[in-house]
Protein chains: 2
Amino acid sequence: MPRVKQFDENEVLAKAMNLFWKQGYSATSVQDLVSCLGISRASLYDTFGDKEQLFKKCFALYRKCNIESLTKFFQSHPNVKNGFSDLFNIAIQEAVHDKEKKGCFVVNITTELIPNDETLLQVLESNKRDIENLFYEYLKKGKEKGQLKTDKDLKSISSLFYTIYSGIKVVSKIEANKKELKDSVNIALSLLV
Amino acid sequence: MPRVKQFDENEVLAKAMNLFWKQGYSATSVQDLVSCLGISRASLYDTFGDKEQLFKKCFALYRKCNIESLTKFFQSHPNVKNGFSDLFNIAIQEAVHDKEKKGCFVVNITTELIPNDETLLQVLESNKRDIENLFYEYLKKGKEKGQLKTDKDLKSISSLFYTIYSGIKVVSKIEANKKELKDSVNIALSLLV
DNA sequence: CATAATTTGGAATGAAAGTTCCGAATACTT
DNA sequence: AAGTATTCGGAACTTTCATTCCAAATTATG
């Protein structure tokens, strides 16, 4: 009976995500979205609700992708030192090649919308917990396998690495200097003895 | 001849700075500013130009205060290890007591307005350079005085510390957990041997 | 092939955005 | 004390915002 949707919902959502990512929430108008997504105003509202709902769906998508890829990444990197080294260096690589200077969606949105969005704060809190836990479990497993000799508190290292990761995503928006970033990350990695 | 201004320009500028700091650039309307500053629309435009000019003046003020206070801070902390320890712990203290969760104006603005403001980018680049240089000179002096034995590259440590500092300002908007922040900062400080 | 459900583009709406303008009020100079 | 340059409050203006609405187009089913 019904006429079928003429666009792929996930494809459009990904486009919207990229636009919010690049421009932020406030600076992205519904008109911007309509122009970028290639669907009409009506379809946008029918499919995704209003601007805020669309945004939250984009953000959820980003989080999901991030957590999934991080989990897989750790699974495929059995050595914890190499793993973190690769993780940071990939972040640097991304930053250097990111012509649009989008940085990290989570970081951008944190600084733009906190303290003025309570429900988003809860999402960000659980995102932080999730990632720090992934870091911690990864470190713990590495230590159990004898890859780490350090007796430093692994929770604290997890949280420091999350802080550094966020910091990289800020700093590299200003100036993505590959050598500078690599050198400073190497110093941080020297904590993993 | 002329009627004199009925408000203190610097006082008003400080109020505007705090509003932009808390709400960001896009989310702060001229109406918000008029309500907050206690001066009329006309006075605002006459004195500071349009919204963008006012914003840039606020940002310049913030930078000036920051650089000055950092310079003084280092001067009054002759020991480099204690100095960085205090610097980070003050940042943590500020974050924990920051009920408004404003974070850092520079970080907030970086993630909100880059890549969409070229002139601001230049300001941010020089801000980064300035602060990293202050860090570096401080570390170098400490090393010369024999306070540091590390043979790690001091430029890289400066840049890592700037990254961590920025990261703290992001992470603490989500959750300003004093113990967690202190523990992770202590790990970073252990790099200063 | 006709019916009906749904999508779609664009116009319409009303609120809020940034900016300008103007008359009244004000305070320094002569 | 008078004159005048400037400030000031608020109305006015134009543009843009998010959202809703409607008629036309479309497509799967009976």
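Protein chains get the first letters and strands the later ones, always in sequence-line order, with residue 1 at the start of each. These numbers come from the heavy atoms of this one structure, side chains and all, not from hydrogens, waters or symmetry mates. All figures in this text were calculated on a predicted structure; none of them were measured in a lab.
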> How close or far is atom P of dT19(D) from atom CD1 of Ile39(A), stated in whole angstroms?
14 Å
> Would you say Lys22(B)'s side chain and Pro115(A)'s backbone share a donor-acceptor pair under 3.5 angstrom?
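A pair under 3.5 Å: no.
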> Measuring to OP1 and OP2 of dT7(D), would you say a side-chain N or O of Ser43(B) lies under 4.0 angstrom away?
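Answer no for this pair, as no side-chain N or O of Ser43(B) is under 4.0 Å from OP1 or OP2.
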> Does anything in residues 14-24 of chain B come within less than 4.0 Å of DNA chain D? Heavy atoms only, and list the residues if so.
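None, since no heavy atom is under 4.0 Å.
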> Just how far, in rounded Å, is C1' of dT7(C) from CG of Leu37(A)?
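Spelled out: CG on Leu37(A) to C1' on dT7(C) is 16 Å.
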> Taking only N and O in the side chain of Ser40(B), is any of them less than 4.0 Å away from OP1 or OP2 of dG9(D)?
yes
> Please report the distance, rounded to the nearest Å, between CG in Asp46(A) and P in dG9(C).
12 Å
> Could you note down all residue pairs passing salt bridge (charged side-chain N to carboxylate O under 4.0 Å, His left out) where residues 144-160 of chain B supplies at least one of them, sequence neighbours left out?
none
> Tell me, please, which residues at least two apart from Phe88(A) pass ring pair (Phe, Tyr, Trp, His ring centres under 6.0 Å).
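Applying ring pair (Phe, Tyr, Trp, His ring centres under 6.0 Å) to Phe88(A) gives Phe161(A).
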> Quick one: name the residues clustered hydrophobically with Val170(B), using the 4.5 Å side-chain heavy-atom rule over I, L, V, M, F, W, Y, and just say none if it's on its own.
Val107(A), Val170(A), Val107(B)
> Output all residues satisfying side chain to side chain contact (heavy atoms under 4.5 Å, CB included) with Asp98(A), sequence neighbours left out; order by chain, then residue number.
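If we apply the side chain to side chain contact (heavy atoms under 4.5 Å, CB included) test to Asp98(A), skipping adjacent residues, the hits are Glu100(A), Lys102(A).
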> Which residues satisfy the ring pair (Phe, Tyr, Trp, His ring centres under 6.0 Å) test with Tyr165(B), sequence neighbours excluded?
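Residues passing ring pair (Phe, Tyr, Trp, His ring centres under 6.0 Å) with Tyr165(B): none at all.
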> Taking atom P of dT20(D) as reference, at what distance in whole Å does atom CG of Leu44(A) sit?
12 Å
> Among all residues two or more places apart in sequence or in another chain, which pass the side chain to side chain contact (heavy atoms under 4.5 Å, CB included) test with Ser76(A)?
none
> Protein within reach of the bases, or only the backbone? For nucleotides 15-20 of chain C, mark each nucleotide 5' to 3' as B, S or -, using heavy atoms under 4.0 Å.
--SSBB
> Name all residues meeting the ring pair (Phe, Tyr, Trp, His ring centres under 6.0 Å) criterion together with Phe73(A); count only those two or more places apart in sequence or in a different chain, and write none if there are none.
His77(A)
